[in-house]
Amino acid sequence: MATSCKNYDFREIEPFWQKKWLEEKTFRAENESPMEKYYVLDMFPYPSGAGLHIGHPEGYTASDILARYKWANGFNVLHPMGWDAFGLPAEQHAIATGQHPSINTENNIRRFREQIQSLGFAIDWDREVDTTDPHYFRWTQWIFLQLFKHGLAYVDDKPVWWCPELRSVLANEEVINGRSERGDFPVERKNLRQWVLRITRYADRLLGGLEGIDWPDSTKRQQIAWIGRSEGTELDFEIVPDGPKICVYTTRPDTIYGATFLVLAPEHELVERVTAVENREKVRAYVADTKRKSDLERTDLAKEKSGVFTGSFAKNPYNGELIPIWVADYVLVSYGTGAIMAVPAHDDRDFEFAKKFDIPVKQVIADPKNELPLPFCGEGRLINSGEFDGLPAAEARKKITQKAEREGFGRVAVKYKLRDWLFSRQRYWGEPVPILWIERAHYDRALAAKNAYFMGKIPDDVVSYGKGGTEWCAIPVAEAQLPLTLPETDTYLPSDDGESPLVRAKRWLNIFVNLSTGEISGEAAENFVPAVRESNTMPQWAGSCWYYLRYMSPDCGESLVDPAAEAYWKSPDFYIGGAEHAVLHLLYARFWHLFLYDVGAISGAEEPFRRLYHQGIILGSDGTKMSKSRGNVVNPDDVICRYGADSLRLYEMFLGPLNAMKPWSTQGIEGVYRFLKKVWALCIDGDGNVKKFPEEDGVGVETLLHQTVKKVTEEIEALQLNTAIAQMMIFVNGAQKMGISRSTVRIFLQLLAPFAPHIAEELWARLGGAFSVAKASWPAYDASKFAANQAKIILQVNGRVRDEILVDGDASQEAVEKIAWQRSRFMAFVSGKEIIKKIYVPGKIFNVVVR
RNA sequence: GCCCAGGUGGCGGAAUGGUAGACGCUGAGGACUUAAAAUCCUUUGUCUGAAAAGACGUGCGGGUUCGAGUCCCGCCCUGGGCACCA
């Protein structure tokens, strides 16, 4: 029932127990249980070719400690693992080798699984999921179809960067001065049809939901900032003499009397219309110039403001003043209304612009401190503002907006920074979007006939786009045809014109569909109309948006999650992963979860992650980020080989606070390794036999034990695992000196088990404990055992420590004073002085203030 | 620029407003050993001192308090996030 090694031979012990846990399915979670459930979730890894990184075991060990602790406390624990396996590196490997990315992915997963298993985590391996498995992504595609049906997925022509040389779409960050970062090739703007998800419709709920969940403040703040809700006012400005109205958005309507010009974003739809004939050339040139710039260049704060006058004027609806209309790229078309009223006296950017182009600056808010110069962006009372003079700014905002509403030229408005989620990628290694494109005429005819298979599965507003004079309409792939798998292609490169590699698979791409049944045919046939498959794939975020639901019933064939399982597990009780996902993954997943909840696909919880924690980053021993080029990378396999998984686990937890950034130390791990050897030596003699333990604990051991149980229990709950380990070290050091009984050792092994499960399981078995120590019920402590019957009182004079005395635990101030007055060391600082005050903190401090 | 977190020995770090430096690493000395490894013991913030002891000490400058690493005000530095969002 255990190994027979004489010394602490982790190379024999660890594989032995890992095999046993796997074979016995020790950590299998049941979907029905009389025990209370506890769901511990790790952010699942991307199985990269580099293998497990030393940072992975940090979060995994912390969650494993919590999982094992919960098992010991009688919970039915779900602690699963899986693979976020779609993504660019596998695709690039495929492009380079010509080998299908699934092969590389499979190899990487096998390696990751072995490495993770070699760390002895209490994982239910029967629930493993893989986002690239068709049985899994079938449901990712199904979710997309629900989004589509509910009008939350649409197509849009979005400008993207395209590099003909690299034959690749580039992200904004990859374009520098109109050339590609990699290779320095020219790039061009290209409008490409993209799928977009209407996450903005959930902006308010994504914001509101943050209030009730236990997340790190910084992460909540990041999401709040990302959603960027702002309340303000929309105001309509008439263009003189008789042009259209321009609607601007402002959060400072109180400064309306200080507006000395109006600015349109270069892409604003009214730019052409408001431009006077004589300014047309200049304006067009400016707009064209802007188009060429990358977002990075445009938003570079260091650059000077630029812009051009349109030649037209707008009328301030409050005072009738005519102000010039400019076009400038510091106004973004995608926020607010794409147009602003510029108040240089009270806005830094407008001020900068006005200075450069010699536009008047008119102060309308008095600076209470009278600290000129302008601009002054704070709060104050209004001046030069007609009927509103003298009002405090906040009140003026209300009054001014009310007037606009009354007179019909303005309204309260709420705006968000959050944009809809660009959901398509022109890549091979992702989930195919399960959509077919058919011609408008076929679409309309099928709808009119009312026997179209897609009735009730399409949005109220048709999703379509025009190409070559034809309007193509989106219909879903029939559910029965899911999963829609990736076709074989001869290369995984994008096509010559920036489309997905999937367009190369012509026989897959161009098909015929029966609009009554949804059947697909490769050949033209009666009742079949031509259709083109969507060739874009989903971004890597898709699979990770709902994997925590799949773990509940990974084999369920009827739905994405078995309703009974979902009703039982609801949502993870604890979620741990890196802070780098603070916005993207954690926002997207919340969006999908809310949506699935709304459409009744799930029912357990509205928020997916009620308690979230970020582990910190482990740096190289030189205090910088680990990287190959710096040569400071620590490989977990090497560490396990040299010290064992228990030492690695323990050390990563002992390094410092779980959420802190901390450097690895090669020498530091020796300390925890020594600790484990001491634990071994506490139980096993030099011949490999269980030691003869004394019948009774040594004096003081009982107190120490109960203190240790209390401390370790409380610190696990608080995830202060470094100090929990420190307490266990204190215990072992004490036990070594004082002598310890068999039953006390066994209690200690239970405390150690979540941290160093292999050695704990081994010693537990050798000491006659029943398998598994992880399931033995967690020890309780008795506070009365360490209520000190003696207390050490610190004697202070004027707050400075001068002496210490031992008294009865419940000693009164009088008793303490009586002893204190006898102490010469203490009295040396007191005698001859006037005692002004005496402070007694029972059991701790007696402080005398003298003069 | 704005928002947030954090600055404690040679190092990682510990401290409900109550003995600053737990625990571990490193260094020094010692025991065991033919020797080494392993293990065990002592010691390890700075300064003064033979010692007893004292002074100083938690980024800097003030403040509150009997008492501040901890609370308040003003700075400096490091890390993270956002960044022309009107």
**Report entry** Nearest-angstrom distance, P atom, B:rA22 to B:rG45
**Finding:** 9 Å
Report summary line: Sequence neighbours excluded, the answer for side-chain hydrogen bond (donor to acceptor under 3.5 Å, both in side chains) partners of A:Glu670 is A:Tyr643
Report summary line: Residue set satisfying side chain to side chain contact (heavy atoms under 4.5 Å, CB included) with A:Gln222, at least two apart, ordered chain then number -> A:Ala582, A:Val583
Query raised in the report: Looking only at side-chain N and O atoms, does A:Tyr335 come under 4.0 Å of OP1 or OP2 in B:rA86?
Result: yes
With a 3.5 Å cut-off and sequence neighbours excluded, list the donor-acceptor pairs that the side chains of residues 648-656 of chain A form with protein atoms.
residue  : atom : partner  : partner atom : Å
A:Arg649 : NE   : A:Phe755 : O            : 3.0
A:Arg649 : NH1  : A:Asp64  : OD2          : 3.0
A:Arg649 : NH1  : A:Leu119 : O            : 3.1
A:Arg649 : NH1  : A:Gly120 : O            : 3.3
A:Arg649 : NH2  : A:Asp64  : OD2          : 2.8
A:Arg649 : NH2  : A:Pro754 : O            : 2.8
A:Tyr651 : OH   : A:Ser665 : N            : 3.3
A:Tyr651 : OH   : A:Ser665 : O            : 3.3
A:Glu652 : OE1  : A:Glu58  : N            : 3.0

Report task. Tell me whether the OP1 or OP2 atom of B:rG24 has a side-chain N or O from A:Ser665 closer than 4.0 Å. Result -> no
Query raised in the report: Between B:rU78 and B:rG54, how far is it from one P atom to the other, in whole Å?
Result: 40 Å
Requested in this report: Look at the side-chain N and O atoms of A:Lys662 and state whether any lies under 4.0 Å from the OP1 or OP2 oxygen of B:rG12.
Outcome: no
Query - side-chain hydrogen bond (donor to acceptor under 3.5 Å, both in side chains) partners of A:Lys356, counting only residues at least two apart - result: A:Glu304
Query raised in the report: Rounded to whole angstroms, how far apart are CG on A:Leu235 and C1' on B:rA86?
Result: 12 Å
Query - nucleotides 26-46 of chain B: protein proximity per nucleotide (B base, S sugar-phosphate only, - neither; heavy atom, under 4.0 Å) - result: S-----------SSSS-----
Report summary line: With the side chain defined as heavy atoms from C-beta on, A:Arg221 is closest, among B:rA86, B:rG12, B:rC3, to B:rC3
Report task. Considering just the side-chain nitrogens and oxygens of A:Arg802, establish if one lies under 4.0 Å of OP1 or OP2 belonging to B:rG67. Result -> no
Requested in this report: Pick the P atom in B:rG7 and in B:rC72, then give their distance to the nearest Å.
Outcome: 14 Å
Requested in this report: Could you tell me whether A:Arg397 and A:Glu231 have a side-chain N and a carboxylate O separated by less than 4.0 Å?
Outcome: no
Query raised in the report: What residue pairs, at least two apart or across chains, pass side-chain hydrogen bond (donor to acceptor under 3.5 Å, both in side chains) with a residue in residues 674-689 of chain A?
Result: A:Lys678-A:Asn733
Query raised in the report: Taking CZ from A:Arg397 and C1' from B:rA86, how many angstroms apart are they, rounded to a whole number?
Result: 13 Å
Requested in this report: Consider only side-chain N and O atoms of A:Ser385 and A:Tyr318, and report whether a donor and an acceptor are under 3.5 Å apart.
Outcome: no
Requested in this report: Counting Watson-Crick and G-U wobble pairs only, both distances under 3.5 Å, name the nucleotide matched with B:rC40, or none.
Outcome: B:rG30
Query - Qualifying residues under side chain to side chain contact (heavy atoms under 4.5 Å, CB included), relative to A:Lys737, sequence neighbours excluded - result: none
Query raised in the report: Is there a Watson-Crick or G-U wobble partner for B:rG12 with both distances under 3.5 Å, and if so, which one is it?
Result: B:rC23
Requested in this report: May I ask you to verify whether the side chain of A:Lys838 and the base of B:rC66 hold a donor-acceptor pair under 3.5 Å?
Outcome: no
Query raised in the report: For atom C1', what is the distance between B:rC47 and B:rC32, given to the nearest Å?
Result: 38 Å
Report task. Determine, for nucleotides 14-21 of chain B in 5'-to-3' order, which nucleotides have protein heavy atoms under 4.0 Å from the base (write B), from only the sugar-phosphate (write S), or from neither (write -). Result -> S-B-BB--
Report summary line: A:Phe829 has its side chain closest, among B:rG54, B:rC23, B:rC56, to B:rG54
Report task. Please report the shortest heavy-atom distance between A:Leu262 and A:Met341, naming the atom on each side. Result -> CD1-CA, 3.8 Å
**Report entry** Results of side-chain hydrogen bond (donor to acceptor under 3.5 Å, both in side chains) for A:His268 - residues two or more places apart only
**Finding:** none
